[in-house]
Amino acid sequence: MSEKVCDHHDTVRRNRARRCGAALLSLVFLVGLTVLLVWAILQPKKPRFTLQDATIFNLNTSAANVISATVQVTVSSRNPNRRIGVYYDRLSAYATYRSQQISYSTAIPAVYQGHRDVNVWSPFLYGVDVPVAPYNGAALAQDRADGAVSLLVKINGRVRWKVGSFISGRYHLHVACAAYIPVGNSKNSGIVVGNAIRYQLSQRCSVNV
């Protein structure tokens, strides 16, 4: 075969490769543009979380720099979207006091949330002799004596959005629920449940996705 024929075949192959590459890029661009347009039209909204109540089994300091806590919280999540579902993946909850974590992370089962559906979780948050800064242990004891303790319940995880048969990639979810608990407050003593006290809160949480 002559050199001229070989050069011709190489040129044909390169042209075909360029056309295939251009077609593939065009397809990817069109798919991406379609997804963006659908996303803009649907205008997805973040889930809305509410801290409904907190049941205190134990919340004490055994030393100046040690806190033990056993708290059950009830958190509801509402999907406000009419056409978008939400997959909750790898959720976990824990409690903090004055920016320090005082309970271990508790896993929350993964779940799919349909359009405008509501899910309710009631995880137990445990912490046994958790080391904290000495001033935080003293502050907790003082807050209890004063009749109110402010905790921050955090929920972290990942979410995926579902539009029709399309499911997005995973996005980080960060939820923070401020819990102002009137522990020992005579004006709001809560409801006695066995050896614990339940406090009705109904406080909205901040949500970042």
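Computed over heavy atoms, backbone and side chain alike; hydrogens, waters and symmetry mates excluded.
With rounding to the nearest 0.5 Å, the separation of OG1 in Thr55 from CD in Gln200 is 8.0 Å. For the atom pair Gln52 CD and Ser76 OG, the distance stands at 4.0 Å (nearest 0.5 Å). Between the NZ atom of Lys154 and the OG atom of Ser103 there is a distance of 11.5 Å, given to the nearest 0.5 Å. Between the CZ atom of Arg116 and the CZ atom of Arg82 there is a distance of 5.5 Å, given to the nearest 0.5 Å.
Residue pairs meeting the disulfide (SG to SG under 2.5 Å) criterion with at least one partner in residues 106-144, sequence neighbours excluded, are absent. Applying the disulfide (SG to SG under 2.5 Å) test to residues at least two apart or on different chains, the pairs with a partner in residues 95-183 are Cys177-Cys205. Within the structure, no pair that satisfies the disulfide (SG to SG under 2.5 Å) test touches residues 83-143, not counting sequence neighbours. Within the structure, ring-ring contact (aromatic ring centres under 6.0 Å, His included) contacts touching residues 92-111 (residues at least two apart or in different chains) do not occur. Sequence neighbours left out, the pairs with a member in residues 58-87 that pass ring-ring contact (aromatic ring centres under 6.0 Å, His included) are Tyr87-Tyr112.
With sequence neighbours left out, Phe49 forms a ring-ring contact (aromatic ring centres under 6.0 Å, His included) with no residue at all. Considering only residues two or more places apart in sequence or on other chains, Ser122 meets the side-chain contact (heavy atoms from CB on, under 4.5 Å) condition with Gln72, Thr74. Evaluation of the side-chain contact (heavy atoms from CB on, under 4.5 Å) rule for Pro80 yields Lys45, Arg48, Arg78 as partners, not counting sequence neighbours. Scored by the salt bridge (charged side-chain N to carboxylate O under 4.0 Å, His left out) test, Arg170 finds Asp89 as partners (sequence neighbours excluded). Taking the salt bridge (charged side-chain N to carboxylate O under 4.0 Å, His left out) definition, one finds that Arg98 meets it with nothing, sequence neighbours left out.
No side-chain heavy atom of Asp53 sits less than 4.5 Å from a side-chain heavy atom of Tyr199. In this structure, Leu151 and Ile181 have side chains that are in contact, with non-hydrogen atoms separated by less than 4.5 Å. Looking at Asn156 and Leu173, their side chains never come closer than 4.5 Å, going by heavy atoms from C-beta outward. Here the side chains of Arg158 and Arg90 are in contact, with some heavy-atom distance below 4.5 Å. Counting only heavy atoms from C-beta outward, the side chains of Lys162 and Ile84 never approach each other to under 4.5 Å. Counting only heavy atoms from C-beta outward, the side chains of Asn60 and Ile67 never approach each other to under 4.5 Å. When side chains are defined from C-beta on, Val111 does not count as touching Leu91, because their heavy atoms never get closer than 4.5 Å. Within the 4.5 Å cutoff, the side chain of Leu125 has no heavy atoms near those of the Thr70 side chain.
Here the closest heavy-atom approach between residue Val71 and residue Asn58 is recorded as CG2-O, 4.3 Å.
Without hydrogens or angle criteria, Thr96 side chain to Leu152 main chain gives a donor-acceptor distance under 3.5 Å. Side-chain atoms of Asn79 come within 3.5 Å of backbone N or O of Asn81 as a donor-acceptor pair. In this structure, Gln100 contributes its side chain and Ala133 its backbone to a donor-acceptor pair below 3.5 Å. Distance alone, capped at 3.5 Å, is enough to place a donor-acceptor pair between the Thr106 side chain and the Phe124 backbone. Checking side-chain atoms of Thr50 against main-chain N and O of Ser202 turns up no donor-acceptor pair under 3.5 Å. Under the 3.5 Å distance criterion, the side-chain polar atoms of Asp117 are matched with a main-chain donor or acceptor of Gly114. The closest donor-acceptor contact from the side chain of Lys46 to the backbone of Val207 lies under 3.5 Å.
When hydrophobic clusters are built by joining Ile, Leu, Val, Met, Phe, Trp and Tyr residues whose side-chain heavy atoms come closer than 4.5 Å, directly or via intermediates, Leu51 is grouped together with Val183. Cluster annotation: Val132 and Ile56 are assigned to the same hydrophobic cluster (Ile/Leu/Val/Met/Phe/Trp/Tyr, side-chain heavy-atom contacts under 4.5 Å, transitive). Under the 4.5 Å side-chain heavy-atom criterion for ILVMFWY residues, a single connected hydrophobic cluster contains both Val86 and Tyr171.
Heavy-atom contacts from other residues, nucleotides or ligands closer than 6.0 Å to NE2 of His172 number 12 or fewer.
Residue Val66 is found outside any hydrophobic cluster, as its side-chain heavy atoms come under 4.5 Å of no other Ile, Leu, Val, Met, Phe, Trp or Tyr. In the hydrophobic clustering, Val120 connects to Val118, either directly or through intervening members, whenever side-chain heavy atoms lie under 4.5 Å apart.
Side-chain polar atoms of Tyr88 and Gln113 form a donor-acceptor pair below 3.5 angstrom. Side-chain atoms of Ser68 and Asp129 include a donor-acceptor pair closer than 3.5 Å.
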Next on the checklist: Would Asn195 and Phe57 count as a side-chain contact (heavy atoms from CB on, under 4.5 Å) here? Give the steps.
Outcome noted: CA-CA 7 Å; Asn195 61 342; Phe57 292 84; 3.8 Å; yes

Next on the checklist: Using the rule given for side-chain contact (heavy atoms from CB on, under 4.5 Å), can you reason through Ile102 versus Tyr126, listing the C-alpha separation, both sets of side-chain angles and the distance that settles it, and then say yes or no?
Outcome noted: CA-CA 8 Å; Ile102 61 170; Tyr126 299 96; over 6 Å; no

